[in-house]
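In what follows, every heavy atom counts, from backbone to side chain, and hydrogens, waters and symmetry copies are set aside.
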Amino acid sequence: MSDNGRRVVALVAAAGRGTRLGAEIPKAYVPLRDRTLLERSVTAMETSAVVDHIGVLVSPDMEPLARERLCGHDVQFIHGAGERVDSVWAGLQALPFDDAVVLVHDAARALTPPGMIARVARGVLAGAPAVVPVLPVADTIKLVDAAGDVLSTPDRSQLRTVQTPQGFDLATLREANEAYFAADVMDFTPTDDASLMEWFGVAVSTVQGDPMAFKITTPIDLVLAQRITDEAEPTVFDVPGNPGV
């Protein structure tokens with residue numbers, strides 16, 4: 001429990017199939033050295049020294065394997081379903097807490113440093129209702145139309161890539177999800193939890209992200225992650241100058 005008495009709970013999303021990776025099993029169960037992406041993500045939460053409770057979102061058919069791989073870890077298993085937003089909503093309803101900070105994390109970001117997890121949690125503990133880790137955009141970005149023609153070039157200095165875990169006041173995130181599902185919105189599907197909070201009218205703050213928190217989505221991402229874990233455990237990597245745990 002944090003110094004101000006609030007719990008920090010984590011929801012690790014591992015219910016998706018991750019088809020773009022091209023693996024024969026769901027992405028969360030793909031191994032890096034001797035540990036799956038899911039195991040590494042759960043371990044990072046534990047190592048952060050700020051997380052009090054971990055909920056793991058799994059598909060019902062993969063729960064036996066998840067329990068086997070996470071034997072020895074103190075986690076709550078929660079069934080996810082449908083789109084990511086549906087799984088997270090199921091997880092938020094299943095968590096046995098009211099006043100808490102919740103960190104929503106993708107199991108596919110398996111090399112996320114514990115220090116970055118702590119930064120996000122501390123941002124919410126300090127009073128922000130929503131905090132996301134970000135990195136500057138290195139590439140020039142083009143806005144294009146349906147035909148692929150360029151409409152404009154946004155100012156790169158104002159653009160950021162967003163990572164996870166994303167941190168929120170648990171009660172506020174629950175309210176945002178409840179409002180979203182009650183409204184039956186047809187023209188908006190949140191791609192992350194922060195965009196849902198924006199839709200709900202909640203201000204979202206940022207903290208420094210980390211290159212090691214990249215999402216393992218495609219085969220080339222997996223090759224990079226394997227190369228990194230072949231050389232050293234990923235927790236030793238963090239952006240120079242970032243606050244540690």
Discussion item. Is it the case that atom CG in Asp145 sees more than 12 heavy atoms from other parts of the structure closer than 6.0 Å?
Written reply: yes
Are [X] and [Y] side-chain neighbours, meaning at least one heavy-atom pair lies under 4.5 Å?
X	Y	answer
Arg35	Thr43	yes
Leu32	Ile216	yes
Arg156	Pro136	no
Val30	Ile25	yes
Leu135	Phe214	no
Val85	Asn177	yes

Mind checking the [atom1]-[atom2] spacing from [X] to [Y]? Nearest 0.5 Å is all I need.
X	Y	atom1	atom2	result
Thr112	Met45	OG1	CE	7.0 Å
Asp61	His79	CG	NE2	9.0 Å
Leu11	His105	CG	NE2	12.0 Å
Leu57	Asp86	CG	CG	11.5 Å
Leu70	Ser41	CG	OG	10.0 Å
Asp230	Arg227	CG	CZ	8.0 Å

Taking every heavy atom of Pro129 against every heavy atom of Met197, the minimum-distance pair comes out as O-CE, 3.8 Å
TODO: Assign the ring pair Tyr180 / Trp199 to parallel, tilted or perpendicular, where the plane angle (0 to 90°) is split at 30° and 60°.
DONE: perpendicular
From the list Asp192, Val204, Thr206, side-chain contact (heavy atoms from CB on, under 4.5 Å) partner of Val162 resolves to Asp192
- Determine the sole option in Val124, Val101, Leu103, Leu92 for which the side-chain contact (heavy atoms from CB on, under 4.5 Å) test with Leu170 is passed.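 That would be Leu92; it is the only one of Val124, Val101, Leu103, Leu92 passing the side-chain contact (heavy atoms from CB on, under 4.5 Å) with Leu170.
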Judged by atom type as modelled, is there a donor-acceptor pair below 3.5 Å linking the side chain of Gln166 to the main-chain atoms of Ala194?
-> yes
Whether the side chain of Asp52 engages the backbone of Val9 through a donor-acceptor N/O pair (distance < 3.5 Å, no angle test) should be reported.
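Not a single qualifying donor-acceptor pair exists.
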All N/O donor-acceptor pairs, side-chain side in residues 93-100, below 3.5 Å, sequence neighbours left out:
residue: Gln93; atom: NE2; partner: Trp89; partner atom: O; Å: 3.2
residue: Asp99; atom: OD1; partner: Arg6; partner atom: NE; Å: 3.1
residue: Asp99; atom: OD1; partner: Arg6; partner atom: NH2; Å: 3.2

Under a side-chain separation threshold of 4.5 Å, the hydrophobic residues clustered together with Leu159 are Val137, Ile141
Residues at least two apart in sequence or cross-chain that pass salt bridge (charged side-chain N to carboxylate O under 4.0 Å, His left out) with Asp106, listed by chain then number, are Arg84, Arg109
Original post:
Between Arg67 and Glu63, is there a salt bridge with N-O shorter than 4.0 Å?
Top reply: yes
